[in-house]
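In what follows, a structure is listed as structure tokens, so that the remarks can point back to it.
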Amino acid sequence: MAAEIKPRRATPQDVPSVHALVNEAFEKYIPLIGRKPLPMTADHAQLIANHQVWVLGEDGEIIAVLEMITNADALYIDTVAVKNSHQSRGVGKGLLAFAEAQARRLGLPALTLCTNERYQVLLAMYSKLGYVETHRVAVQGTDVVYMRKRLGGGA
């Protein structure tokens with residue numbers, strides 16, 4: 001996978017593909033947490049209509065999704081999902097770098113995200129990329145771990 005990720009904004013026509021990709025990417029976590037992960041239950045049509053949703057394509061197929069919400073003090077990364085056949089190729093990290101560039105373009109001082117406490121591989125990756133745990137919230141039997149990455153001298 002190329003070092004620079006160049007996604008495009010999702011359109012309403014992408015909703016079925018986004019929904020299918022998110023379900024595929026998160027299905028493996030159902031046994032780990034005992035329920036559908038929250039991204040699988042999201043209204044992707046509403047997210048595409050109201051927030052920044054980006055898709056990355058390859059050979060005419062959507063292989064990754066990045067859903068973000070602009071807040072006053074940070075760009076919140078709602079979901080990063082990569083098609084199973086394209087995982088471990090740097091696509092997710094590339095999308096996170098794209099999100100960081102978006103936050104900088106918007107003049108925001110930080111990125112925020114959350115993940116499940118049981119996703120140890122993701123927690124380790126986010127920490128390695130500079131995200132720091134800020135707090136945890138109990139949700140449906142597990143803790144959701146909230147993380148923040150400061151950009152430059154921001155908050």
Side-chain angles (χ1 to χ4, degrees), residues 1-30 32 36-116 119-134 144-155:
M1 179 58 56
E4 185 179 357
I5 299 289
K6 294 183 179 180
R8 65 168 175 79
R9 286 298 288 263
T11 67
Q13 292 75 28
D14 293 320
V15 170
S17 296
V18 167
H19 182 73
L21 189 145
V22 169
N23 281 341
E24 176 190 314
F26 282 88
E27 185 174 42
K28 65 184 165 236
Y29 297 120
I30 293 172
L32 186 61
K36 281 187 175 183
L38 297 177
M40 292 177 75
T41 65
D43 182 340
H44 299 288
Q46 182 182 27
L47 284 168
I48 288 171
N50 298 317
H51 302 293
Q52 288 193 55
V53 179
W54 297 82
V55 294
L56 182 63
E58 183 177 279
D59 299 326
E61 175 185 34
I62 293 176
I63 63 161
V65 176
L66 172 66
E67 299 175 353
M68 301 178 292
I69 300 169
T70 303
N71 294 315
D73 68 338
L75 185 61
Y76 174 70
I77 300 169
D78 187 52
T79 301
V80 176
V82 178
K83 190 167 180 64
N84 289 340
S85 61
H86 288 74
Q87 291 181 3
S88 301
R89 295 185 185 182
V91 176
K93 288 179 184 175
L95 287 175
L96 291 170
F98 176 81
E100 186 171 328
Q102 286 292 98
R104 290 181 191 284
R105 275 192 283 280
L106 293 168
L108 295 170
L111 292 159
T112 58
L113 58 78
C114 66
T115 192
N116 194 286
Y119 304 167
Q120 292 298 312
V121 170
L122 294 178
L123 286 168
M125 179 188 71
Y126 293 138
S127 292
K128 186 175 180 180
L129 293 173
Y131 290 82
V132 177
E133 181 177 334
T134 59
V144 173
V145 179
Y146 287 83
M147 304 181 87
R148 183 176 187 89
K149 179 177 182 176
R150 295 173 192 239
L151 302 177

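Remember, it's a predicted structure, so these values are computed and weren't measured experimentally. Worth knowing before you read on, the calculation uses all heavy atoms, side chains too, and leaves out hydrogens, waters and symmetry mates.
- Partners of Gln46 by side-chain contact (heavy atoms from CB on, under 4.5 Å), not counting sequence neighbours, listed by chain and number: Asp43, Asn50.
- The side-chain hydrogen bond (donor to acceptor under 3.5 Å, both in side chains) pairs that include a residue from residues 120-130 number zero, where partners must be two or more places apart or lie in different chains.
- Nearest heavy atoms, Ala42 versus Leu47: CB-CD1, 4.0 Å.
- When all heavy atoms of Leu95 and Pro7 are compared, the pair lying nearest together is CD2-CG, 4.3 Å.
- Side-chain atoms of Val65 and Thr79, non-hydrogen and from C-beta on, never get closer than 4.5 Å to each other.
- Listed by chain and residue number, nothing satisfies the salt bridge (Lys or Arg N to Asp or Glu O under 4.0 Å) test with Asp78 (two or more places apart in sequence, or in another chain).
- Taking Val15 as the reference, Ala45, Ile48 meet the side-chain contact (heavy atoms from CB on, under 4.5 Å) condition, with sequence neighbours excluded.
- With sequence neighbours excluded, no residue satisfies ring pair (Phe, Tyr, Trp, His ring centres under 6.0 Å) with Tyr76.
- Residues Val145 and Tyr119 fail the side-chain proximity criterion, which asks for heavy atoms closer than 4.5 Å.
- Scanning both residues, Leu108 and Ala72, for their nearest heavy atoms gives CD2-O, 3.5 Å.
- Expressed to the nearest 0.5 Å, how far CG of Asn116 lies from CZ of Phe26 amounts to 10.5 Å.
- Within the 4.5 Å cutoff, the side chain of Met40 has heavy atoms near those of the Asn23 side chain.
- Contact check for Tyr131 versus Arg148: no side-chain heavy atoms found under the 4.5 Å cut-off.
- The two residues Ala103 and Leu151 have their closest heavy-atom pair at CB-CD1, 3.6 Å.
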message: Set out, in order, the CA-CA distance, both residues' side-chain angles and the distance that settles side-chain contact (heavy atoms from CB on, under 4.5 Å) for Met125 and Leu96, then state yes or no.
response: CA-CA 11 Å; Met125 179 188 71; Leu96 291 170; 4.0 Å; yes
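- Residues meeting the ring pair (Phe, Tyr, Trp, His ring centres under 6.0 Å) test with His19, sequence neighbours left out: His44.
- Taking the side chain as every heavy atom from C-beta outward, Leu66 and Ile77 approach each other to under 4.5 Å.
- Nearest heavy-atom pair, Ala99 versus Leu111, reported as atom, atom and distance to 0.1 Å: O-CD2, 3.7 Å.
- In this structure Lys93 satisfies the salt bridge (Lys or Arg N to Asp or Glu O under 4.0 Å) test with no other residue, sequence neighbours excluded.
- Residues forming a side-chain contact (heavy atoms from CB on, under 4.5 Å) with Val144 (at least two apart in sequence, or on another chain): Cys114, Val139, Tyr146.
- The backbone N or O of His51 sits nowhere less than 3.5 Å from a side-chain atom of Glu67 that would complete a donor-acceptor pair.
- Not counting sequence neighbours, the partners of Lys28 by the side-chain hydrogen bond (donor to acceptor under 3.5 Å, both in side chains) test are Gln87.
- Checked against side-chain contact (heavy atoms from CB on, under 4.5 Å), Arg8 has the following partners two or more places apart in sequence or in another chain: Thr11, Asp14, Val55, Ile62.
- Distance check, rounded to the nearest 0.5 Å: CD1 of Ile69 to CG of Leu113 gives 12.0 Å.
- A side-chain donor-acceptor contact under 3.5 Å links Lys149 to the backbone of Leu129.
- Checked against salt bridge (Lys or Arg N to Asp or Glu O under 4.0 Å), Glu27 has no partners two or more places apart in sequence or in another chain.
- Between Thr134 and Met147, the closest heavy-atom pair is OG1-N, 4.2 Å.
- Between atom OG1 of residue Thr41 and atom NZ of residue Lys36 there is a gap of 8.0 Å, rounded to the nearest 0.5 Å.
- At a threshold of 4.0 Å, the pair Glu61-Lys83 counts as salt-bridged, since one of the basic side-chain nitrogens sits closer than that to a carboxylate oxygen.
- Annotation: side-chain hydrogen bond (donor to acceptor under 3.5 Å, both in side chains) contacts of Thr70 (sequence neighbours excluded): Gln52.
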